[in-house]
Amino acid sequence: MDKLLTLFPADEKKKRKDINLLMKEWKKEVSKSKRLFRGDGKLYSGHEYFVADGFFPNYYKQTPRILFIGREARYISGSDLIDIVLNLFKENKVQSVTFWRRILYMLYGIKHKGKKRFKNIPDANTIAAQMVESNNYGLAIMNISKYSNDCDDGAAADTELINGFLQDSHLNKRNYFKEELTLLEPDIIITANLWARKINYEYLDNIFGEKELINKYSNKANLFSINFNNKKIKIIDTYHFSGPGIKDEDYYLPVMRLLYNKT
């Protein structure tokens with residue numbers, strides 16, 4: 001039973017069921033593999049690390065549809081990321097969570113077509129509260145690794161675990177990522193520094209295919225274009241959304257400039 005299904009409008013319920021089925025089958029595939037948990041030195045099956053992701057209510061009503069892609073979840077093995085984040089929004093705790101605060105700022109700017117100056121946008125808790133009240137979140141989230149990094153040093157990317165998930169997925173037999181992207185149908189993808197050489201490029205090429213560099217904003221973000229299912233999709237690769245020592249504005253401004261030539 002999917003306890004979140006009632007939150008989705010009628011025309012999104014099938015999509016939610018399709019995403020859940022994909023996650024179930026993906027989880028079954030990685031359950032065949034064993035991974036060493038550095039926290040206790042024991043081996044665990046892949047399904048024990050697995051964190052499902054997907055889209056939030058009213059995503060498909062958005063123009064454009066925005067998909068954010070991170071590297072890995074942290075400290076939530078066995079969970080549904082959508083459920084976890086919906087609770088975060090409801091509890092009014094987003095402002096203190098760097099990863100999601102920056103996502104909401106970028107999303108807010110895109111929803112307003114780059115017309116809002118950064119200094120004039122609401123704080124993340126206010127944005128989240130408006131989403132909760134209207135049940136209109138309008139974004140999707142995907143992690144390249146569905147394995148949760150639950151080690152004490154989980155604030156740092158576990159490169160071995162990320163690439164291990166990609167290996168355990170056996171994408172040469174079934175490309176679950178392409179199936180997820182097909183279900184999500186994004187117009188714009190914003191990625192968390194995926195091409196920083198922490199992830200094997202062979203896997204990224206298998207997921208996204210050939211990408212064309214369209215523009216860049218200083219060293220802060222690159223705008224690419226890919227052809228996916230006969231549709232051109234924009235990809236902006238920027239700093240990791242949890243990057244330390246980076247101003248929130250340094251996420252917002254490059255995205256607005258690359259998409260709308262706005263600052």
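Small disclaimer: the values here were computed from a predicted structure and weren't measured.
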Donor-acceptor contact below 3.5 Å, side chain Glu12 vs main chain Tyr59: yes
Between atom CG of Leu104 and atom OH of Tyr252, what is the distance when rounded to the nearest 0.5 Å? 12.5 Å
Rounding to 0.5 Å, atoms CD1 (Ile235) and CG (Asn222) come to a distance of 11.5 Å
Only one of Asn229, Ile233, Ile207, Asn175 passes side-chain contact (heavy atoms from CB on, under 4.5 Å) with Leu181; say which it is. Ile207
Would a 4.5 Å heavy-atom cut-off, applied to side chains only, mark Arg174 and Glu25 as touching? yes
Rounded to the nearest 0.5 Å, what's the gap from NZ on Lys17 to CD1 on Ile19? Could you check? 14.5 Å
Using only atom types and a distance under 3.5 Å, with no angle test, would you say the side chain of Glu72 pairs donor to acceptor with the backbone of Asp158? yes
Using side chain to side chain donor-acceptor pair (under 3.5 Å), reason through Glu212 and Asn227 one step at a time and then give a plain yes or no. CA-CA 9 Å; Glu212 178 187 0; Asn227 284 305; over 6 Å; no
Hydrophobic cluster identity match, Ile214 and Met106, side-chain contacts under 4.5 Å: yes
Can you check whether Phe55 reaches Ile82 side chain to side chain, under 4.5 Å on heavy atoms? no
Pair Lys15 + Glu185: basic N to acidic O under 4.0 Å: yes
Any donor and acceptor pair, going by atom type alone, linking the side chain of Asn163 with main-chain N or O of Asn200 inside 3.5 Å? yes
Report yes if some heavy atom in the side chain of Tyr105 is under 4.5 Å from a heavy atom in the side chain of Ile127; otherwise report no. yes
I want to check something: taking the side chain as every heavy atom from C-beta on, are Glu202 and Leu166 in contact at a cut-off of under 4.5 Å? no
Let me see the working for Arg16 and Asp80 under salt bridge (Lys or Arg N to Asp or Glu O under 4.0 Å), right down to the final yes or no. CA-CA 12 Å; Arg16 170 72 181 176; Asp80 179 342; 2.8 Å; yes
Verify the cluster assignment for Val51 and Leu21: are they in a single hydrophobic cluster under the rule of side-chain heavy atoms below 4.5 Å apart? no
Answer yes if the side chains of Arg102 and Tyr251 hold a donor-acceptor pair under 3.5 Å, and no otherwise. yes
I would like to know whether Trp26 and Glu180 meet side-chain contact (heavy atoms from CB on, under 4.5 Å); could you show each step before the answer? CA-CA 10 Å; Trp26 204 338; Glu180 186 171 7; 3.4 Å; yes
Considering all heavy atoms, the nearest Asn193-Arg71 contact: O-NH2, 3.2 Å
Donor-acceptor contact below 3.5 Å, side chain Tyr60 vs main chain Gly138: no
Under the 3.5 angstrom rule, does the side chain of Asn58 hit a backbone N or O of Asn135 as a donor-acceptor pair? yes
What's the shortest heavy-atom distance between Val94 and Arg101, and which atoms? O-CB, 3.7 Å
If you count every heavy atom of other residues, nucleotides or ligands that lies below 6.0 Å from Lys28 atom NZ, does the total exceed 12? no
dist Leu161:CG -> Asp150:CG (nearest 0.5 Å) comes out at 9.0 Å
Is there a donor-acceptor pair under 3.5 Å between the side chain of Asp123 and the backbone N or O of Thr126? yes
Please determine whether a side-chain nitrogen of the Lys or Arg among Lys231 and Asp187 lies less than 4.0 Å from a carboxylate oxygen of the Asp or Glu. yes
Is there a path from Phe89 to Leu5 through hydrophobic residues (I, L, V, M, F, W, Y) whose side chains come within less than 4.5 Å of each other? no
List the steps and the verdict of side-chain contact (heavy atoms from CB on, under 4.5 Å) for Phe177 and Met142. CA-CA 9 Å; Phe177 283 107; Met142 174 195 291; 4.0 Å; yes
List the atom of Phe56, the atom of Ile141, and the distance in Å for their closest heavy-atom pair. CE1-CG2, 3.7 Å
If two hydrophobic side chains count as joined below 4.5 Å and joins carry through other members, does Phe50 share a cluster with Leu36? no
Under a 4.5 Å cut-off applied to non-hydrogen side-chain atoms, are Ile110 and Tyr260 in contact? yes
Side chains of Leu86 and Tyr137: does their closest heavy-atom pair fall under 4.5 Å? yes
With a 4.5 Å limit on heavy-atom distance, are the side chains of Lys116 and Met256 in contact? no
Output yes when a side-chain donor or acceptor of Ser145 lies under 3.5 Å from a complementary backbone atom of Ala73, and no otherwise. no
Using a strict cut-off of less than 4.0 Å between a Lys/Arg side-chain nitrogen and an Asp/Glu carboxylate oxygen, indicate whether Asp2 and Lys24 qualify as a salt bridge. no
Which value, rounded to the nearest 0.5 Å, describes the distance between Leu107 atom CG and His112 atom NE2? 10.0 Å
Please name the residue in the list Lys34, Lys27, Arg35 that meets the side chain to side chain donor-acceptor pair (under 3.5 Å) test with Ser45. Lys34
Electrostatic pair Glu29:Lys146 at N-O distance under 4.0 angstrom: no
Search all heavy atoms of Ala221 against all heavy atoms of Ile236 and return the closest pair with its distance. CB-CG2, 4.0 Å
Ignoring hydrogens and geometry, is there a side-chain-to-backbone donor-acceptor pair from Asn92 to Ala129 under 3.5 Å? no
Can you tell me if NZ on Lys220 sees more than 12 non-hydrogen neighbours from other groups inside 6.0 Å? yes
Between Lys211 and Ser225, is there a side-chain donor-acceptor contact under 3.5 Å, judged purely by atom types and distance? no
Contact summary for Asn149 and Ala157, nearest pair of heavy atoms: ND2-C, 4.2 Å
Here the gap from Leu223 atom CG to Ile190 atom CD1, rounded to the nearest 0.5 Å, amounts to 10.0 Å
Ile189 vs Phe228, side-chain contact (heavy atoms from CB on, under 4.5 Å): CA-CA, chis, key distance, verdict: CA-CA 12 Å; Ile189 300 173; Phe228 187 82; over 6 Å; no
Test side-chain contact (heavy atoms from CB on, under 4.5 Å) on Asp11 and Lys61; report intermediate values, then the result. CA-CA 10 Å; Asp11 56 353; Lys61 290 182 172 61; 3.4 Å; yes
Any side-chain donor near an acceptor of the partner, Asp168 and Tyr147, under 3.5 Å: yes
With hydrophobic residues grouped by side-chain heavy-atom distances under 4.5 Å, do Leu213 and Tyr201 end up in a single group? yes
Within the distance-only criterion (no hydrogens, no angle test), does the side chain of Asp53 pair as donor or acceptor with the backbone N or O of Leu81 below 3.5 angstrom? no
Heavy atoms of Leu139 and Trp100 approach each other most closely as CD1-CZ3, 3.8 Å
Can you confirm whether Lys113 sits close enough to Leu259 that some side-chain heavy atom of one is under 4.5 Å from a side-chain heavy atom of the other? no
